[in-house]
Amino acid sequence: MPDFSTDSLFDLFIFETEQNLEQIEQSVLACEKTAAYSKELVDEIFRVMHTVKGSAAMMQYDGISHFAHKMEDLFSILREDSQAQYDVETLTDLVLSSIDFIKSELAKLTAGKSADGDAGELEERIALFAKALRSAKEAPHPPESAAQAVQKEPREGVEPAGEHRYRATVFFEDGCMMENIRAFDIVHKLGELASDITHIPADIIDDDTCVDVIRKNGFTVEFSADLSYDEMTRFFMKQVFLKDLALTERAEGEAPDAREEKQQVGAVPAPEKERLMERETAAPMTSSIISVGVAKLDRLMDLLGELVIAEAMVIHNPEIKKLQLESFQKAAGQLRKITGEMQDLVMSVRMVPLATTFQRMNRIVRDMNRKLGKDVELKIVGEETEVDKNIIDHIADPLMHLVRNSVDHGVESSEERAACGKSQRGAVTLEAKNDGGDVLIIVRDDGRGLDREAIAQRAAERGLLTKPASEMTDKEVYSLIFLPGFSTNDVITEFSGRGVGLDVVVKNIEEVGGRVTVESVKGKGSAFVMKFPLTLAIVEGMNLRVGGSLYTLPITNIRESFRPKAGETFEDPDGNEMIMVRGKCYPVLRLYDLFDIPSDVTDPSEGILIMAENGDNTICLFADELLGQQEVVVKAMPQYIKKTRGLSGCTLLGDGQISLILDVGGIIAARGQP
């Protein structure tokens, strides 16, 4: 029995199955809006279920294979009768439920558990739907002509008109691994299109030497198909990790060996030889796309980070700074340029469009509409915007939570909207756009909006107010819904119930260096704005000294820096240190107090104030001195200081010293500001 325990084969199975299911889900949701399944979609679902069935069977996941076979049978009926009448909504429910079942089984496998789900009830629904299709198909039809009957059923012993015999030799990308499984997949897919299939090597599963044979000589398959040469070329060029393809066509009945002999001795008639050469040349011979594991990209990013650190240690070496080395400075400039280009390239490789994540929300909105009896449309803007892969992994759940809340609590029912003079169909908009070195992701709805009074009352009941609500701006009041403990299960409905679980949303977003704010107009709708850095690995920072310690403040948080005059700082009635800048008061926070560090610089006029901002909040940080701007590699905090407030990571500077990276949002939160 073949051994499928290798991680690479398992990862390939999970990845390709999930990709196929995602593609089907989006296609089904699109077709549901048109109230009809296209022939192309029926063929696509049949093909994917056929592939899942075969792949799962090879991996010995019999439950998944058996279930996919049931779905394959259902869509086989639809393929055979393109005029079949059926309820599109019911079929869509079946397809989406089937996708959910297979996904849940894949999730179990990924977690190291057994794929032991019970699909009995779902299989019964599939069987009933298939039975109804068969009954409709077997119902009496208008009589057909004899000519039509002959065309539909070829005479015994006669090959269908137009059938071609093909021979294809396929080479896979170097290093793609599992060539025998990829060859099996080709044969598996050919089974839908071709007949009389033979291949070399003949045994591609149990033969231990077949992988070496395929790598050296390629995988050769012969088959008959009622498809044109161009159609077969397109079929092969869609295969994953395809490197080279040689596809030839011969007349039915011509011996393969004779054909090969003719080619060897050059006895092929000139016109025929030219036709073959033209066809083989026309087909693209290489694939320009390869798949790379995320772990390898992470390792590449780590190595690039080490390169940036090593570069800084060389260029900023104190011993070198004392020397006048013009040629060294030129070489250092060139090294800095190359490193920067490498950084941009690696970043671009890790960047992933938000399209897939955004499109998944179509399913959320559809299911919520059916559950709540609402009519809400999802609009997507800027799905081509790219963000770091690590950020994609962290925002899927928060995004799903915000979309669900918008549909459930934000958008009113059709009757309520009509009574307010709004269109009966509500709208939730997902928007993404670049904002300098950040990415903004906005979840906006045109619903009832947030209720300031109700939020303030609930926050007062929970003891969450730090000052009277009357002294707070609307944005400060709305920000209260992000605090832990703001809402409970008995949350009042007058303010949409948006507080439920939003502290968890904020936590997930902050884990990747992001932040979230909310804007709302009562009766008009709300917008949740998430702001993320383009990358988490390397940031541009300003180095500071506080006593004997070094800190780095991200440049994106800095508005300005200045040295105040003596006596310019003052205390407010609550004892907080403040400073007036251009007619506006800002709080002052001394970093040596925050981190309990001895420092000889205690007079603001002898140190430096850095005005730092996070969202709508601004604070002036007091440090001993600025050391200069530098590109730094963000490293995780050591476990023993991970929970220290106001710190998001650490970095190694060019002179080998360690600098702690400041988190402005955490510092502001530590002072009790919303």
Distance in Å, [X] [atom1] paired with [Y] [atom2], rounded so as to fall on 0.5 Å steps:
X: Leu304; Y: Glu311; atom1: CG; atom2: CD; answer: 9.5 Å
X: Glu386; Y: Ile391; atom1: CD; atom2: CD1; answer: 12.5 Å
X: Glu519; Y: Leu450; atom1: CD; atom2: CG; answer: 11.0 Å
X: Thr356; Y: Ile392; atom1: OG1; atom2: CD1; answer: 8.0 Å
X: Glu384; Y: Lys433; atom1: CD; atom2: NZ; answer: 13.0 Å
X: Asp388; Y: Phe532; atom1: CG; atom2: CZ; answer: 11.5 Å

Main-chain N/O of [Y] paired with [X] side-chain donor or acceptor, under 3.5 Å:
X: Arg545; Y: Gly547; value: yes
X: Thr618; Y: Ala612; value: no
X: Asp574; Y: Asn576; value: no
X: Arg448; Y: His409; value: yes
X: Asn508; Y: Val505; value: no
X: Glu471; Y: Pro468; value: no

Audit row: Asn362, Ile380, side-chain contact (heavy atoms from CB on, under 4.5 Å) steps and yes/no: CA-CA 9 Å; Asn362 279 306; Ile380 295 178; 4.2 Å; yes
Met611, CE atom: more than 12 neighbouring heavy atoms under 6.0 Å: yes
Exceeds 12 heavy-atom contacts within 6.0 angstrom, atom CG of Asp596: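 No, the 6.0 Å shell around CG holds no more than 12 heavy atoms from other groups.
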Full working for side-chain contact (heavy atoms from CB on, under 4.5 Å) between Arg515 and Ile509: CA-CA 6 Å; Arg515 55 183 181 270; Ile509 292 173; 5.5 Å; no
Qualifying residue, where the test is side chain to side chain contact (heavy atoms under 4.5 Å, CB included) with Leu662 and the options are Leu553, Asn557, Thr552: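 Exactly one option meets the side chain to side chain contact (heavy atoms under 4.5 Å, CB included) with Leu662, and it is Leu553.
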Sole residue of Leu440, Leu399, Ile442 in side chain to side chain contact (heavy atoms under 4.5 Å, CB included) with Met530: Leu399
Is there side-chain contact between [X] and [Y], with heavy atoms separated by less than 4.5 Å?
X: Leu591; Y: Leu544; value: yes
X: Asn434; Y: Val439; value: yes
X: Met368; Y: Asp408; value: yes
X: Ile610; Y: Met542; value: no
X: Val314; Y: Phe328; value: yes
X: Val518; Y: Phe482; value: yes
X: Leu430; Y: Leu354; value: no
X: Gln630; Y: Thr651; value: no

Can you give me the closest heavy-atom contact between [X] and [Y], atom names plus distance?
X: Ala456; Y: Val477; value: N-CG1, 4.2 Å
X: Ile597; Y: Val546; value: CG2-O, 3.7 Å
X: Ile608; Y: Ser561; value: CG1-CB, 4.5 Å
X: Arg363; Y: Leu29; value: N-CD1, 3.5 Å
X: Phe622; Y: Pro604; value: CE1-CA, 3.5 Å
X: Ser605; Y: Ala566; value: CB-N, 3.8 Å

Listed pairs under 3.5 Å, donor-acceptor, residues 578-590 side chains, sequence neighbours left out:
unit_1	atom_1	unit_2	atom_2	d
Arg582	NH2	Glu560	OE2	2.4
Tyr586	OH	Arg559	NH1	3.3
Arg590	NE	Glu577	OE1	2.9
Arg590	NH1	Tyr592	OH	2.9
Arg590	NH1	Thr602	O	2.4
Arg590	NH2	Glu577	OE2	2.9

Partner set under side chain to side chain contact (heavy atoms under 4.5 Å, CB included) for [X], not counting sequence neighbours:
X: Glu326; value: Lys330
X: Lys379; value: Glu377, Ala427, Thr429
X: Val521; value: Lys524

Phe358 and Leu378: CA distance, side-chain angles, deciding distance, side-chain contact (heavy atoms from CB on, under 4.5 Å) verdict: CA-CA 10 Å; Phe358 275 15; Leu378 179 67; over 6 Å; no
By side chain to side chain donor-acceptor pair (under 3.5 Å) - contacts of Asp600 (at least two apart): none
Gln26: partners by side chain to side chain donor-acceptor pair (under 3.5 Å), with sequence neighbours left out: none
Carboxylate-amine/guanidinium contact Arg563 Glu568, below 4.0 Å: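 Judged by the 4.0 Å cut-off on N to carboxylate O distance, Arg563 and Glu568 do not form a salt bridge.
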Thr517 vs Tyr478, side-chain contact (heavy atoms from CB on, under 4.5 Å): CA-CA, chis, key distance, verdict: CA-CA 9 Å; Thr517 57; Tyr478 295 151; over 6 Å; no
Test item: side-chain donor near acceptor, Asn405 and His401, under 3.5 Å: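 Checked: Asn405/His401 side chains pair up, N/O donor to acceptor below 3.5 Å.
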Parallel, tilted or perpendicular: rings of Phe595 and Tyr551 (30°, 60°):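 Ring orientation of Tyr551 relative to Phe595: parallel.
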